[in-house]
Amino acid sequence: NAGVTQTPKFRVLKTGQSMTLLCAQDMNHEYMYWYRQDPGMGLRLIHYSVGEGTTAKGEVPDGYNVSRLKKQNFLLGLESAAPSQTSVYFCASSPRGTGNTEAFFGQGTRLTVV
Amino acid sequence: KQEVTQIPAALSVPEGENLVLNCSFTDSAIYNLQWFRQDPGKGLTSLLLIQSSQREQTSGRLNASLDKSSGRSTLYIAASQPGDSATYLCAVRALTGGGNKLTFGTGTQLKVEL
């Protein structure tokens with residue numbers, strides 16, 4: 001039972017480089033999210049998706065792009081990495097609806113931009 | 001805009017003590033509230049989910065309460081153990097704004113000492 005899996009777990013980038021973070025969930029959840037976690041600031045929502053083929057901006061979307069081509073995958077892209085994007089990135093998924101919409105998180109990707 | 005506050009930011013208690021962690025939120029229009037645990041360098045583990053229509057949820061030594069009208073939730077940990085040492089996060093899922101977004105507090109860092 002994998003749940004939510006993030007790839008890679010660690011990455012070091014040089015300023016200006018690009019990369020894609022992959023999130024995969026096997027729970028058939030409609031909603032998927034990308035958060036970043038920084039010391040003293042908690043988790044902040046970058047982008048989210050309410051279903052295959054849809055994406056929307058969260059609280060801190062600048063410098064990131066996302067795609068949800070398949071229901072089980074949610075990709076986060078950094079086109080030109082900046083030191084301010086050094087952070088721990090978490091992906092989450094949850095069911096649709098107003099009932100039990102318990103969210104499940106991946107183990108995180110620690111990204112350092114030098 | 002929903003704001004979530006957790007007090008205290010850090011807490012140190014001796015083993016065996018019962019303790020209460022607090023979470024407050026500014027907008028009472030929520031679907032539910034979820035408590036998470038995060039160990040250093042790890043992802044978030046879901047502990048309890050309370051629906052907006054519920055007053056409390058229990059799991060083992062954990063009990064979470066919700067007072068939606070006053071914008072407050074508490075997480076009660078009975079007979080604390082060193083293994084409970086972690087950061088505890090609460091998150092509310094908003095009714096408005098679409099996408100069932102989770103808004104997080106900045107967490108309470110708990111240390112249970114022998």
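Since this is a predicted model, take the numbers as computed values, not measurements. First the proteins, then the strands, lettered A, B, ... as listed; each starts at 1.
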Novice: What residue in Val4(B), Leu89(B), Leu44(B), Thr45(B) has the most heavy-atom pairs under 4.5 Å with chain A?
Specialist: Leu44(B)
Novice: Do the side chain of Gln34(B) and the main chain of Ala103(A) share a donor and acceptor less than 3.5 angstrom apart?
Specialist: yes
Novice: Select all residues of residues 55-65 of chain A having any heavy atom within less than 4.5 Å of some heavy atom of chain B, and report them by number, or 'none'.
Specialist: Glu59(A)
Novice: So what's closer than 4.5 Å to chain B heavy atoms on Gln6(A): side chain, backbone, both or neither?
Specialist: neither
Novice: Could you tell me whether a side-chain N or O of Thr112(A) sits under 3.5 Å from a main-chain N or O of Thr86(A), the two making a donor and an acceptor?
Specialist: no
Novice: Please answer whether the main-chain N or O of Gly51(A) pairs with a side-chain N or O of Ser49(A) as donor and acceptor at a distance below 3.5 Å.
Specialist: yes
Novice: Can you give me every donor-acceptor pair (side chain of residues 16-26 of chain B, partner residue at least two apart or in another chain, under 3.5 Å) with its distance?
Specialist:
{"from": "Asn18(B)", "atom 1": "OD1", "to": "Ala79(B)", "atom 2": "N", "distance (Å)": "2.7"}
{"from": "Asn18(B)", "atom 1": "ND2", "to": "Tyr76(B)", "atom 2": "OH", "distance (Å)": "3.4"}
{"from": "Asn22(B)", "atom 1": "ND2", "to": "Ile7(B)", "atom 2": "O", "distance (Å)": "3.4"}
{"from": "Thr26(B)", "atom 1": "OG1", "to": "Gln2(B)", "atom 2": "OE1", "distance (Å)": "3.4"}
{"from": "Thr26(B)", "atom 1": "OG1", "to": "Glu3(B)", "atom 2": "N", "distance (Å)": "3.0"}

Novice: Glu102(A) vs Asn32(B), test: side-chain contact (heavy atoms from CB on, under 4.5 Å). Steps then yes/no.
Specialist: CA-CA 9 Å; Glu102(A) 186 176 6; Asn32(B) 53 48; over 6 Å; no
Novice: To the nearest 0.5 Å, what is the distance between CE on Met19(A) and CZ on Arg11(A)?
Specialist: 4.5 Å
Novice: Contact part of Leu45(A) toward chain B, heavy-atom cut-off under 4.5 Å: side chain, backbone, both or neither?
Specialist: side chain
Novice: Relative to chain B, which segment of Phe104(A) carries a heavy atom at a distance below 4.5 Å: side chain, backbone, both, or neither?
Specialist: neither
Novice: Is the backbone of Asn73(A) close enough, under 3.5 Å, to the side chain of Gln25(A) for a donor and an acceptor to pair up by distance?
Specialist: no
